[in-house]
Amino acid sequence: MRYRWLAAAAAALLALGVAACGGGDNGSSSGGGGDLSGSIAIDGSSTVFPFAQAAAEGFQGENPNVKATVGESGTGGGFEKFCAGEIDIADASRPIDEKDEVPVCEKAGIKYSQILVANDGIAIVSNTDLKIACMTTDNLKALWEPNSKITNYSQLGNQPDGTPFPDAEVSLFGPGTDSGTFDFFTEAINGEKGDTRKDYQPSEDDNVLVQGVEGDKSGLGYFGFSYYEDNADKLNLIAVDSGKGCVKPAKDTIQGKSYTPLSRELYMYPNQAALTDKPQVKGFMDYAVSNSEELATTAKIVPLTSEQQATSKDELTKAEGQ
């Protein structure tokens, strides 16, 4: 499943790091050139997890005396730990919440920067036996809104091409409430973050959602695009029509935002004090941003555009006070 690439990624990214030592911007892509030591604690989004894990593998390949641990407790769970001072970097599939999370960090004296590291599209998928080619955003809302009365897909009527939705009992899988994917999807589709029907099978682990949809002939769910890419032979990818035709998530449709409204940006939030006081954290962030395209490709996440990467480098430079 999702972790099978890590051994290969470690070797590939070690080679990447060695190559980067000779030609990075101000040497930042080398991540310290092997002189760093200490620990780095990273947690948060399961969508960002493959990118963060790939970055940790490559960075530790260059800096064997650094121990980087990467968790995936969900964006909300990551911010909770981050604002409590328990981790150095929070991975997030949405911006930090101005109402509920920013005040907690402020009260704790936690300062941070928001660094864009990759792009993503929320994939709508079904079991391969469930023949759904495209859903409108209205279809998705009718299916997922609070107190939805849809218990059989056929109640949705016809798909955009006129084909009736299958006559099959609804069986839904989706992220839990700590997930940034849950927050983004519910706001984009239902109009309010957190608004959703309750009778679905939730998990903070996207691999569990993949297995659920794959193992249920009536299964339909949503999660980060990279998890679909890693399991494309086992799932049916459903296009989304927001009023301009059916569009599937792909590198070009996500980067160009034509896969709407489910394209989004992915972030890392480094603790400002950790950037200043822990050279290994600064080195890791330099490595992750300088090598973001290669890391995203390795992790099967949609990379930044050249303009986005330039902005991220500028933001990180400002955060580091260089």
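Just so it is clear, the model here is predicted, and its values are computed rather than measured. Along the sequence shown, the residues carry numbers beginning at 1.
- The shortest distance between side-chain heavy atoms of V125 and Y227 does not fall below 4.5 Å.
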Item to complete: Walk me through it: do Y259 and F225 pass the test ring pair (Phe, Tyr, Trp, His ring centres under 6.0 Å)?
Response: CA-CA 12 Å; Y259 180 63; F225 179 61; 8.0 Å; no
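- Between the side chain of K131 and the main chain of T128, a donor-acceptor pair closer than 3.5 Å is present.
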Fill in: side-chain hydrogen bond (donor to acceptor under 3.5 Å, both in side chains) between D88 and Q280, intermediate numbers included
CA-CA 10 Å; D88 301 303; Q280 70 272 25; over 6 Å; no
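- Side-chain contact check for Y269 and Q114: at least one donor-acceptor pair (N or O, by modelled atom type) lies under 3.5 Å.
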Discussion item. Quick one, N236 with S126, criterion side-chain hydrogen bond (donor to acceptor under 3.5 Å, both in side chains). Give me CA distance, side-chain angles, the key distance, then yes/no.
Written reply: CA-CA 5 Å; N236 170 52; S126 69; 2.9 Å; yes
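- The minimum heavy-atom distance between V213 and G221, with the atom names listed, is CG2-N, 3.9 Å.
- No side-chain N or O of D195 forms a donor-acceptor pair with one of T186 less than 3.5 Å apart.
- The residue from Y228, F182, F173 that alone fulfils the side chain to side chain contact (heavy atoms under 4.5 Å, CB included) condition with Y222 is F182.
- A donor-acceptor contact shorter than 3.5 Å links the side chain of N127 to the backbone of D129.
- Counting only heavy atoms from C-beta outward, the side chains of I238 and V240 never approach each other to under 4.5 Å.
- You'll find the side chain of L316 reaches within 4.5 Å of the side chain of E320, heavy atoms only.
- Annotation for L36 and N65: closest pair O-CB, 3.5 Å, computed over non-hydrogen atoms.
- The backbone N or O of T305 sits less than 3.5 Å from a side-chain atom of Q308, completing a donor-acceptor pair.
- A donor-acceptor pair shorter than 3.5 Å cannot be found between the side chains of Q159 and N139.
- Minimum heavy-atom separation, A288 to M268: CB-SD, 4.4 Å.
- In this model, no donor atom of one side chain and acceptor atom of the other lie less than 3.5 Å apart for S242 and T137.
- In the model, E265 has a side-chain atom that pairs as donor or acceptor with a side-chain atom of Y267 under 3.5 Å.
- Inter-residue side-chain proximity for T47 and I122 is flagged as unmet; no heavy-atom pair is nearer than 4.5 Å.
- A salt bridge between K282 and D286 is present, with a side-chain N of the basic residue lying under 4.0 Å from a carboxylate O of the acidic one.
- Donor-acceptor pairing under 3.5 Å is lacking for the side chains of D241 and T136.
- Under a 3.5 Å cut-off, the side chain of N271 and the backbone N or O of A274 do form a donor-acceptor pair.
- Taking each heavy atom of L304 and S312 in turn, the nearest pair found is CD1-OG, 3.8 Å.
- Between I40 and I89, some side-chain heavy-atom pair lies under the 4.5 Å cut-off.
- K193 NZ: more than 12 foreign heavy atoms inside a 6.0 Å radius.
- Counting heavy atoms from C-beta outward, I124 and F185 have side chains that approach closer than 4.5 Å.
- Panel note: side chain N291, backbone Y287; a donor-acceptor pair is recorded below 3.5 Å.
- Classified by interplanar angle (parallel below 30°, tilted 30° to 60°, perpendicular above 60°), the ring pair F59/F284 is perpendicular.
- For CD of E204, the number of neighbouring non-hydrogen atoms (other residues, nucleotides, ligands) closer than 6.0 Å is greater than 12.
- At distances below 3.5 Å, at least one donor-acceptor pair connects side-chain atoms of Y200 with backbone N or O atoms of P175.
- In this structure a side-chain-to-backbone donor-acceptor pair under 3.5 Å is present from T276 to Q272.
- A donor atom on one side chain and an acceptor atom on the other are found under 3.5 Å apart for D161 and T163.
- Without hydrogens or angle criteria, T253 side chain to A250 main chain gives a donor-acceptor distance under 3.5 Å.
- With a 6.0 Å radius and a threshold of 12 heavy atoms from other residues, nucleotides or ligands, N147 has its CG atom at or below the threshold.
- Looking at F51 and D91, their side chains never come closer than 4.5 Å, going by heavy atoms from C-beta outward.
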Worksheet item: When you look at S154 and N152, which way does the side-chain hydrogen bond (donor to acceptor under 3.5 Å, both in side chains) test go after all the steps?
Response: CA-CA 5 Å; S154 63; N152 189 296; 2.7 Å; yes
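- For the pair E315/S113, no side-chain contact is recorded, criterion being any heavy-atom separation below 4.5 Å from C-beta on.
- Heavy atoms only, all atoms of each residue included: G219 and L130 are closest at O-CD2, 3.7 Å.
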Using a 3.5 Å cut-off and no angle test, enumerate the donor-acceptor pairs between side-chain atoms of residues 99-111 and protein atoms at least two apart in sequence or in another chain.
| unit_1 | atom_1 | unit_2 | atom_2 | d |
| --- | --- | --- | --- | --- |
| E101 | OE1 | R94 | NH1 | 3.0 |
| E101 | OE1 | D97 | N | 2.8 |
| E101 | OE2 | R94 | NH2 | 2.8 |

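- Within a 6.0 Å sphere centred on CD of E169, heavy atoms belonging to other residues, nucleotides or ligands number 12 at most.
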Worksheet item: Should D206 and S46 be marked as a side-chain hydrogen bond (donor to acceptor under 3.5 Å, both in side chains) after you check the CA-CA gap, both sets of side-chain angles, and the distance that decides it?
Response: CA-CA 7 Å; D206 289 344; S46 61; 3.1 Å; yes
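- N119 places no side-chain N or O within 3.5 Å of a backbone atom of I254 that could act as its donor or acceptor partner.
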